[in-house]
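To keep things clear, I will list the structure first and then write my remarks on it.
Naming: A, B, ... by sequence-line order, numbering from 1 per chain.
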Number of protein chains: 2
Amino acid sequence: MSTTELTNWQSVHDEVLRRIHTREWKPGQQIPKEVELASELGCARATVNRALRELATAGFLDRRRKAGTRVTLHPVRKAKLDIPVIRLEIEGRGQRYGYSLISAERAAPPHDICGRLGVLPDADMLHVTSLHLADGKPYMFENRWVAIAAAPSIADADLSIISANEWLVLHAPYTHGEMAFSAIAASNSEAEMLGAAPHAPLFLIERTTWENDHGITYARLVFAPGHRVQSVI
Amino acid sequence: MSTTELTNWQSVHDEVLRRIHTREWKPGQQIPKEVELASELGCARATVNRALRELATAGFLDRRRKAGTRVTLHPVRKAKLDIPVIRLEIEGRGQRYGYSLISAERAAPPHDICGRLGVLPDADMLHVTSLHLADGKPYMFENRWVAIAAAPSIADADLSIISANEWLVLHAPYTHGEMAFSAIAASNSEAEMLGAAPHAPLFLIERTTWENDHGITYARLVFAPGHRVQSVI
DNA sequence: CAGTGGTCTAGACCACCAG
DNA sequence: TGGTGGTCTAGACCACTGC
């Protein structure tokens, strides 16, 4: 079938993807085992393994010991979304980044924040609101709660110079987190700050991060009208 | 340092992540080379390589030949987002899936669709609108354009039984695509169909897919009020 | 139980690129 | 141009799981 030998994992990867795509191997169908493919293509089993493993992670193949490898029936495509620091996101568009702190004060967390982060109602927390600008125009309004216990030195940080977002990235790495996208109607204050009409549809990102099941921060990011988040599939 | 030997790539992965996280290895700092780590941890270089490669893909490490491996300065976290077929998305929540075709007719594509998909204005296209239901309630309104040239047999499909979404997944796999999220105000027709107030903020997903730089379909998916897309970081 | 994928190893060669 | 990561190989043992 193949006149030339495929001796690197990328070409094996591409060849297998081609066979899936051309329906030579149909959804649900079992494909040759690693040893067979290796001998057919003229390479080591480890090479085939590497290629098939990547395809399995990408959702094209289902692999199970003893049962073999099959083409996924309902491929669940995975979108990959890069999440840079806001400043870099804006600068990456070739725009000038601006930032202005609105408020920063210690306060007891509201009930819903406690639930999200898993902290006690009497926890010592920092409540920060700020506005991020692109080319001088409002870009995003940030409303954030930080558990001081998880990042004590933030109490000494000058958040009028560095955004809480960026400070946390530098000083309080998280082990895992959640992100949620939705659409909301602008509140009066949000509308005013972002230069939007009251009740205008705004894009909202909520982000919660933990350090080993220890809540660090919850951020509510409201974007100016027209904001789009793009992703490659 | 480590009393026990780490002989599998996952433990090496975790150990390296631990050192990054505890600031034993600081952002920007160069970490030991593969051979050194391998001998320190008591495993083969390939094992270390596997672990470091995964960490680099995840955005924690920057690796370059000759320059060595460094802890990423501004880690760009990657959100992973699963994109199942709508039916499975709804059933996955334990809800009953419903579907109703609203319209399906051949038509010349509007100008903006031509641009997005890269097809000619006189291309033969199928315009499909439909409503997806969860537990009998409106869940998402789908407005889709399909290039018939890219999937000829869709002309024969009975789209009142199987959604265009699902038909395409089964019969016209794509090689790559784009997805964009945003917030819009409900149009009158959208509001009526989704049971929302006029001008209510709605969540919009636009999805465009290609097969080797050959446009297949553009879909505009408007979700019922309150829709959230969640993702793990 | 036996077959398949998952992984580890030791060694080798190569590609890239910083110095 | 030499050092570092990227990859391939042949062989081995193991873990899971369908039969």
Got a sec, which residues hit side chain to side chain donor-acceptor pair (under 3.5 Å) with B:R116, two or more places apart in sequence or on another chain? B:E206
I'd like to know whether CZ of A:R64 has more than 12 heavy-atom contacts from other residues, nucleotides or ligands below 6.0 angstrom. no
What distance do A:L55 atom CG and A:R53 atom CZ have between them, rounded to the nearest 0.5 Å? 11.0 Å
Give me the first and last nucleotide of DNA chain C, going 5' to 3', that has any atom under 4.0 Å from a heavy atom of chain B. C:dT7 to C:dA18
Whether the A:N165 and A:S163 side chains hold a donor-acceptor pair (N or O, under 3.5 Å, no angle test) is what I'd like checked. no
If an axis is fit to five pairs at each end of the helix from C:dC1-D:dG18 to C:dA18-D:dT1, what is the angle between the two, to the nearest 10°? 20°
Hey, are A:E36 and A:R45 close enough for a salt bridge, meaning a charged N less than 4.0 Å from a carboxylate O? no
Is a donor on one side and an acceptor on the other found under 3.5 Å between the side chain of B:T217 and the backbone of B:W145? yes
Protein-nucleotides 15-19 of chain D N/O pairs closer than 3.5 Å?
unit_1	atom_1	unit_2	atom_2	d
D:dA15	N3	A:R65	NE	3.0

Between B:H176 and A:V232, is a side chain to side chain contact (heavy atoms under 4.5 Å, CB included) present by the stated rule, with each step listed? CA-CA 8 Å; B:H176 64 287; A:V232 177; 5.7 Å; no
Locate the shortest heavy-atom distance separating B:Q95 from B:A134; write the atom from each residue and the value. OE1-CB, 3.6 Å
In residues 42-61 of chain A, which residues come under 4.0 Å of DNA chain C by heavy atom? A:R45, A:N49
Can you tell me if A:S231 uses its side chain to pair, donor with acceptor, with the backbone of B:M179 under 3.5 Å? no
Taking atom OG1 of A:T47 and atom NE2 of A:H13, what is their separation to the nearest 0.5 Å? 14.0 Å
Backbone N or O of B:W167 within a donor-acceptor pair of the B:H171 side chain at under 3.5 Å? yes
Worked check of salt bridge (Lys or Arg N to Asp or Glu O under 4.0 Å) between A:E34 and A:R50: CA-CA 10 Å; A:E34 293 190 348; A:R50 170 80 186 269; over 6 Å; no
Ordered by number, residues from residues 68-75 of chain A within less than 4.0 Å of DNA chain C (heavy atoms) are A:G68, A:T69
Salt bridge between A:E91 and A:R96, side-chain N to carboxylate O under 4.0 Å? no
B:R207/B:E142 salt bridge by N-O under 4.0 Å criterion: no
In whole angstrom, give the distance that lies between atom NZ of B:K33 and atom C1' of D:dT4. 8 Å
Considering only NZ, NE, NH1 and NH2 on the basic side and carboxylate oxygens on the acidic side, decide whether B:R87 and B:E166 come within less than 4.0 Å. yes
